[in-house]
Amino acid sequence: MMMLAPAAQPPFWIATAMISAVVLTSTTGEVLTAAAMKSIGDLDEIRARSGMKGAIRAVVTCPLFFAGVGFLALAFFALLLALRFLPLSLVAPASASLTLVTNAIAAKIFLKENVGRRRWVSAVLVCVGVYFLTY
Amino acid sequence: MAHERFSIRQYMILGLVALCAPLGDACLSRGMNGLPGISILHPMSLIGAVFTPWVALGIALLIGFFACYLTALSWADLSYVLPATAFGNVIVELLSRFCLHETVSPQRWLGVFLITIGVGFVANGPSLTEHPADEAAKPDAIFAEKEPV
């Protein structure tokens with residue numbers, strides 16, 4: 001069986017770059033997927049009108065959806081790469097909690113969502129909570 | 001920003017998003033831990049792993065999660081869905097404490113508390129941003145424009 005040698009802990013800036021890559025690709029994927037679903041419209045209504053096949057067709061014929069899934073796949077591989085060099089106890093809480101905040105920022109800028117004080121407070125509380133749960 | 005109450009079905013979809021992802025991950029973890037070592041020289045052994053019960057259940061749950069997540073994003077904002085569905089972490093923590101009798105540290109209980117407060121905050125607020133173009137497309141809005149002032 002071919003075993004991979006454990007890697008030495010990389011310098012701080014490389015660790016930051018790896019976690020940033022996970023957070024950025026994940027946020028891009030989430031925003032593109034959300035934009036795709038908004039452009040398609042309410043899936044429940046489409047399913048009621050055209051059945052399950054119609055709803056699936058609406059999703060798989062949207063190019064934005066595939067762009068989003070592509071970025072989510074990239075985020076997965078970036079996570080695997082980060083886990084190869086960094087401890088899970090650092091990568092999991094940092095990427096999970098930071099993604100919540102970057103998603104709120106990206107949703108406000110790119111999706112023009114009304115991210116008010118209530119949502120900011122919620123995103124920060126959940127972000128800190130997830131950090132405590134996973135660290 | 002509009003604030004329409006969700007139907008029971010929509011609450012169920014949000015609940016499934018929250019539950020399916022952590023449960024799917026847990027099933028995958030249990031399935032993969034129970035397998036003999038997988039070598040990168042034999043990638044076909046990974047395909048065999050897909051057909052073991054726990055891994056198959058995990059994959060089914062994650063497919064269910066993605067379908068429910070896409071449905072939720074079609075009628076709610078991304079900045080609403082993500083914090084609201086983080087409640088799944090709390091459910092997993094409670095299950096591990098009360099069903100699996102695992103020890104949960106005070107730090108984790110603090111995490112559970114913060115997530116619960118955060119989810120309560122976002123769940124009581126509006127779920128969808130109405131853009132002016134959406135408003136104009138509504139029959140009421142068109143009627144209101146035509147009405148003499």
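Each chain gets a letter, A, B and so on, in the order its sequence line appears, and its residues count up from 1. Worth saying up front: this structure is predicted, and the values here are computed from it rather than measured.
- In B:Tyr11, the OH atom is crowded: over 12 heavy atoms of neighbouring residues, nucleotides or ligands sit closer than 6.0 Å.
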- Give the C-alpha distance, both sets of side-chain angles, the deciding distance and a yes or no for side chain to side chain contact (heavy atoms under 4.5 Å, CB included) between B:Cys27 and B:Val55. CA-CA 6 Å; B:Cys27 287; B:Val55 174; over 6 Å; no
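- Around atom CZ of B:Phe65, more than 12 heavy atoms belonging to other residues, nucleotides or ligands sit under 6.0 Å away.
- Under a 3.5 Å cut-off, the side chain of A:Glu45 and the backbone N or O of A:Asp42 do not form any donor-acceptor pair.
- Contact of A:Val124 with chain B is not made at all, since no heavy-atom distance falls under 4.5 Å.
- In this model, no donor atom of one side chain and acceptor atom of the other lie less than 3.5 Å apart for A:Glu113 and B:Thr129.
- In this structure, chain A has a heavy atom under 4.5 Å from the side chain of B:Phe66, while its backbone stays farther away.
- If you measure heavy-atom distances from A:Ile105 to chain B, you find no contacts under 4.5 Å at all.
- Between the side chain of A:Ser122 and the backbone N or O of A:Arg118 there is no donor-acceptor pair closer than 3.5 Å.
- Contacts of A:Ile40 with chain B are absent, with no heavy-atom separation under 4.5 Å from either backbone or side chain.
- Looking at B:Val112, both its backbone and its side chain come within 4.5 Å of chain A, counting heavy atoms on both sides.
- The candidate from A:Asp44, A:Thr33, A:Leu100, A:Asn103 with the greatest count of non-hydrogen atom pairs under 4.5 Å with chain B is A:Asp44.
- The contact between B:Ala76 and chain A is made entirely by backbone atoms, counting heavy-atom distances below 4.5 Å.
- At distances below 3.5 Å, not a single donor-acceptor pair connects side-chain atoms of A:Lys108 with backbone N or O atoms of A:Asn114.
- A:Phe132 and B:Trp109 have their aromatic ring centers separated by at least 6.0 angstrom.
- Contact tally against chain A (heavy-atom pairs below 4.5 Å) for B:Leu82, B:Asn89, B:Leu70: the top residue is B:Leu70.
- Contact of A:Val101 with chain B is not made at all, since no heavy-atom distance falls under 4.5 Å.
- Contact of B:Tyr69 with chain A is made through the side chain alone, with heavy-atom distances under 4.5 Å.
- Contact of A:Ala107 with chain B is made through the side chain alone, with heavy-atom distances under 4.5 Å.
- Between chain B and the residues A:Val126, A:Thr99, A:Val128, the most heavy-atom pairs under 4.5 angstrom are made by A:Val126.
- Judged purely by atom type and a 3.5 angstrom limit, B:Trp75 has no side-chain atom pairing as donor or acceptor with the backbone of A:Leu43.
- The candidate from A:Ala123, A:Gly41, A:Ala36, A:Ala55 with the greatest count of non-hydrogen atom pairs under 4.5 Å with chain B is A:Gly41.
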